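Reminder, nothing fancy here: chain letters follow the sequence lines and each chain counts from 1. All values below were derived from every heavy atom in this structure, side-chain atoms included, with hydrogens, water molecules and symmetry-related copies excluded. Since the model is a prediction, treat every value here as computed from it, not as a measurement.
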Amino acid sequence: MNLFKYFREEIIKSVEAIVPGLDTSKVTAEPPRETSHGDVATNAAMVLTKAAGMKPRDLAEKIAAALRTHPAVSEVEVAGPGFINLRLADSFWFERLAEVLAAGTAYGESDMGKGCKVNVEYVSANPTGPMHIGHARGAVFGDALASLLVKAGYDVTREYYVNDAGSQVDVLARSAFLRYREALGEEIGEIPEGLYPGEYLKPAGEALAKKYGPALKDKPEAEWLPELRTFAVDAMLDMIKDDLAGLGVRHDVFVSERGLVDAGKVQDSLDYLTGKGLIYEGVLEPPKGKLPDDWEARPQTLFKATEFGDDVDRPLRKSDGSWTYFASDIAYHLDKYRRGFGSMIDVWGADHGGYVKRMQAAVKAVSEGGGDLDVKLCQMVNLLKGGQPYKMSKRAGTFVTLRDLVEAVGKDVVRFIMLTRKNDAHLDFDLDKVLEQSRDNPVFYVQYAHARCHSVMRHAAGMWPDAVGPVPGIDVLARLTDPAELGLIRLLAGWPRQVESAAEAHEPHRVAFYLYDLAAAFHGLWNKGKDETRLRFLIEDDRELSLARLGLLRAVVGVIASGLGIFGVAPVEEMR
RNA sequence: GCAGCCGUAGCUCAGCUGGAUAGAGCGCUGCCCUCCGAAGGCAGAGGUCGUAGGUUCGAAUCCUACCGGUUGCGCCA
């Protein structure tokens, strides 16, 4: 249960009994920043003071009086300008702990999403080469966001949009053709300017040689291009999927841009917009400030993006008559909408920032306001080693590959670190620091907490064979009376709220910070046991207390595993 | 020129969508310690939340302008 949601409802009930019919939408129930202010604080009296026609403190006193009768509330005080602070009974916290233990890693699951369909599109890298480090962040972010939304009760589809219709695919096909000739024994020399030089195309060339023999070698381009396009795209996509698998990232659906074009969906969506009078032939104003050298006014097919909040209208057709990217993107998002996704999330690189408004405008237009598109832009990752900018081997071209990165530090480290910043902030990724065993390496710190818990559990099993058997009941858990223990329980009980707020904000990084806090609280309790032996988890001559503390540890394990599960990071039981 | 994002402690960043005395890690200073499992622990100093206005009971958070950084800016992908 999200206890803050629960108490918000309880508070509103109390208000209703005092002054019925108020608009309570602005009432909040939150953990106070200051722990001395109790467990739950509400602003109810302050936001309702006008509508209720009472002074904030007077209204607060009345609400407080009503809340004092609640069995889970041990103390109520009115403070400051009219805050109502609740302190909850220990028994309430023990119930929460029991709830964690009963749920295990499922703890934190929420029905907030009510099973609504959400489409999360991420990676969508062009199928023209291997994944590089620039793709990694978006991949991990999208994957974790999708998992987070699943946890929060949404029906999530993970999607990859394959840009296989643009001219870059022709370039790819020609590059593959060159490698094909190479595989047949021809000397190809330098890769000509304008083709992809990367060696990753060699296997594709060899596969082509195997499949066709010399049959294509002397044919004109028009005869082999379509076939090689498909072949090369498939080969690249296989490679990308492989790279992603190495990072533990997966997708449910791959949508082909060419497929949309061939099925006439681009034409359909533009017909639809034309029917609404949102497309016209016109001439755009030149951009202000520095003009591109070759700028000249020319009539274009334009979408009235300005009617939906964009800065200028946007072109749909190139001068050669083919669709712009934007045109097929409109078709693609209409397609998503028609597949039932009223809620769409696109994860893009920050360099596409200028594209957001027009895409949101298009979604509004095409869904008649029924669809919602949130675009999450992932900022650059600065790769460092020992604090200095770092370049890895360039065996695949001019970039650091994702594969190299995963090989260097492991998938779990890559995933966790990528999620320790909010998506629109720059991220430093230091190859040395992420492997450090210290408190300022969050991956280690969180993993270590989990492993330490397991260590104690293994130790306990040696003392009492049944120690880690059935979960202890509330009467046993009630032996946990130290403030540090109760503090840890409070933190655990806050997990459902964290999941919901992170999911609502589409911000998985909040989970990383929560896990770090939880790990810190656990390690803190551990350290207290160093000085005060009575606080150690296992007390040989007090089996019941030990069982209660083991229960607490198992709850910590459950919540950490639950959070790492969202991140796709394995919770380890031993550090190596 | 326009648009997006960022600006919080010496450094790297949180700050729960408007709440109470703004937090963490690192670094710094001073004490203590060698552990069920390996990151040592405790305490302390350190902030006009970029600047200036505005909204209101209340602003780091919302609005406006400006400053600094960054990304992008008609057919590229």
Side-chain angles (χ1 to χ4, degrees), chain A residues 4 26 28 30-34 37 41 43 46-47 49-50 56 79-83 85 126 128 163 166-169 171 283-292 295-298 300-302 310-326 349-357 375 377 379-380 420-426 428 433 436-442 444-445 448-449 451-452 454-456 458-460 462-463 494 497-498 500-502 504-505 507 509-510 512-514 516-517 519-520 523-524 526-531 533 536-538 574-576:
Chain A
F4 297 96
K26 294 185 90 169
T28 60
E30 294 174 334
R33 208 196 302 267
E34 188 70 40
H37 290 144
N43 62 357
M46 290 178 290
V47 296
T49 178
K50 261 182 202 166
F83 287 102
N85 296 327
N126 284 339
T128 54
N163 290 128
S167 57
Q168 83 280 5
V169 180
V171 173
V283 180
L284 285 178
E285 294 284 312
K288 298 257 163 43
K290 52 176 192 280
L291 263 190
W295 199 92
E296 58 179 75
R298 68 166 74 91
Q300 288 176 297
T301 306
L302 299 168
D310 200 359
D311 307 310
V312 287
D313 292 339
R314 302 292 180 178
L316 298 168
R317 211 185 268 281
K318 303 181 198 172
S319 49
D320 68 358
S322 61
W323 303 120
T324 60
Y325 249 76
F326 184 46
D351 53 342
H352 288 64
Y355 214 76
V356 175
K357 278 190 180 177
V375 179
L377 298 175
Q379 269 293 349
M380 300 274 302
T420 53
R421 291 282 176 270
K422 63 174 151 249
N423 58 292
D424 45 18
H426 289 267
D428 287 339
K433 191 161 242 180
E436 220 170 71
Q437 301 206 340
S438 75
R439 185 166 183 163
D440 62 333
N441 176 6
F444 168 77
Y445 198 58
Y448 187 31
R452 254 186 174 171
H454 273 280
S455 164
V456 179
R458 284 191 295 271
H459 204 260
M463 291 167 79
R497 179 172 183 272
Q498 289 292 335
E500 291 188 356
S501 63
E504 200 165 9
E507 290 184 351
H509 76 276
R510 293 188 191 188
F513 284 92
Y514 170 81
Y516 185 84
D517 285 347
H523 289 306
W526 175 289
N527 287 326
K528 273 185 96 174
K530 281 186 187 175
D531 296 337
T533 45
R536 296 196 176 185
F537 295 108
L538 304 179
E574 282 176 279
M575 303 302 287
R576 296 192 190 283

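- Regarding A/K50, its NZ atom lies at a distance of 8 Å from the C1' atom of B/U56, rounded to whole Å.
- Residues A/R439 and A/Y516 have side chains in contact (heavy-atom distance under 4.5 Å, counting atoms from C-beta outward).
- Residue contacts shown for A/Y516 are limited to sugar-phosphate atoms, with no base heavy atom under 4.0 Å away.
- Rounding to whole angstrom units, NE2 of residue A/H352 and P of B/G72 are separated by 10 Å.
- Between A/K530 and B/C32 there is no side-chain polar atom (N or O) within less than 4.0 angstrom of OP1 or OP2.
- A gap of 16 Å separates the P atoms of B/C36 and B/G41, to the nearest Å.
- Taking atom C1' on both nucleotides, B/A9 is separated from B/U70 by 23 Å, rounded to a whole Å.
- Remark: the separation of the P atoms in B/A39 and B/A14 is 28 Å, to the nearest Å.
- Looking at residues two or more places apart in sequence or on another chain, you find a side-chain contact (heavy atoms from CB on, under 4.5 Å) between A/R317 and A/T301, A/W323.
- Phosphate contact (OP1/OP2 of B/C26, side-chain N/O of A/K433, threshold under 4.0 Å): absent.
- Heavy atoms of A/K357 sit under 4.0 angstrom from primed sugar atoms or phosphate atoms, though from no base atom.
- In terms of position on RNA chain B, the residue among A/A451 and A/N441 whose nearest nucleotide sits closer to the 5' end is A/N441.
- Take A/K528 and apply the side-chain contact (heavy atoms from CB on, under 4.5 Å) test, not counting sequence neighbours, and it matches A/D482, A/A484, A/E532, A/L535.
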For nucleotides 7-21 of chain B, 5' to 3', base contacts (B), sugar-phosphate-only contacts (S) and non-contacts (-) with protein non-hydrogen atoms under 4.0 Å give -----SSSSBB-BB-
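- Atoms NZ and NE2, from A/K422 and A/H509 in turn, are 5.5 Å apart once rounded to the nearest 0.5 Å.
- On the C1' atoms, B/C57 is 22 Å away from B/C16, given to the nearest whole Å.
- When side chains are defined from C-beta on, A/F4 counts as touching A/P31, because their heavy atoms get closer than 4.5 Å.
- The CG-C1' distance, from A/D351 to B/U71, rounds to 8 Å in whole Å.
- Secondary-structure stems of RNA chain B, taken as three or more successive Watson-Crick or G-U wobble pairs (i with j, i+1 with j-1) under a 3.5 Å distance threshold, comprise B:1-7 with B:67-73, B:10-13 with B:23-26, B:28-32 with B:40-44, B:50-54 with B:62-66.
- As rounded to whole Å, 19 Å separates atom P of B/C73 from atom CG of A/D313.
- Between B/C35 and B/G30, the two C1' atoms lie 23 Å apart (nearest whole Å).
- Nucleotides B/A60 and B/C6 have their C1' atoms positioned 14 Å apart, rounded to a whole Å.
- With the nearest nucleotide of RNA chain B identified for both A/R439 and A/W526, A/W526 has the one nearer the 5' end.
- Nucleic acid contact class of A/E285 (heavy atoms, under 4.0 Å, all strands): none.
- Enclosure of atom CD in A/E504 is not indicated, since only 12 or fewer non-hydrogen atoms of other residues, nucleotides or ligands lie within 6.0 angstrom.
- Counting any heavy atom pair closer than 4.0 Å across all strands shown, A/S438 reaches sugar-phosphate atoms only and no base atom.
- The distance from atom CG of A/L538 to atom C1' of B/C35 is 14 Å, rounded to the nearest whole Å.
- Nearest to the side-chain atoms of A/Q379 among the listed nucleotides B/G74, B/G4, B/C75 stands B/G4.
- Judged by distance alone, the side chain of A/N163 and the main-chain N or O of A/N126 form no donor-acceptor pair under 3.5 Å.
- For B/U48, the glycosidic angle deviates from 0 by more than 90°, giving an anti base.
- Comparing B/G4 with B/C42, their C1' atoms sit 46 Å apart, to the nearest whole Å.
- For the pair A/N423 CG and B/C6 P, the interatomic distance rounds to 9 Å; values are reported in whole Å.
- Using a 4.0 Å heavy-atom distance criterion, A/F444 is classed as a sugar-phosphate-only contact.
- Protein atom CG of A/D517 is 10 Å distant from nucleotide atom P of B/A24, rounded to whole Å.
- The side-chain contact (heavy atoms from CB on, under 4.5 Å) test applied to A/A449 returns A/A519, A/F522, A/H523, A/I560, not counting sequence neighbours.
- One can place OH of A/Y355 at 19 Å from C1' of B/C2, the figure rounded to the nearest angstrom.
- When the salt bridge (Lys or Arg N to Asp or Glu O under 4.0 Å) test is applied to A/D310, the partners found at least two apart in sequence or on another chain are A/R314.
- Of the possible donor and acceptor atoms, one in the side chain of A/Y355 sits under 3.5 Å from a partner among the backbone N and O of A/F326.
- At distances below 3.5 Å, at least one donor-acceptor pair connects side-chain atoms of A/N423 with backbone N or O atoms of A/L377.
- Nucleotides B/G58 and B/U48, compared at atom P, are 23 Å apart to the nearest Å.
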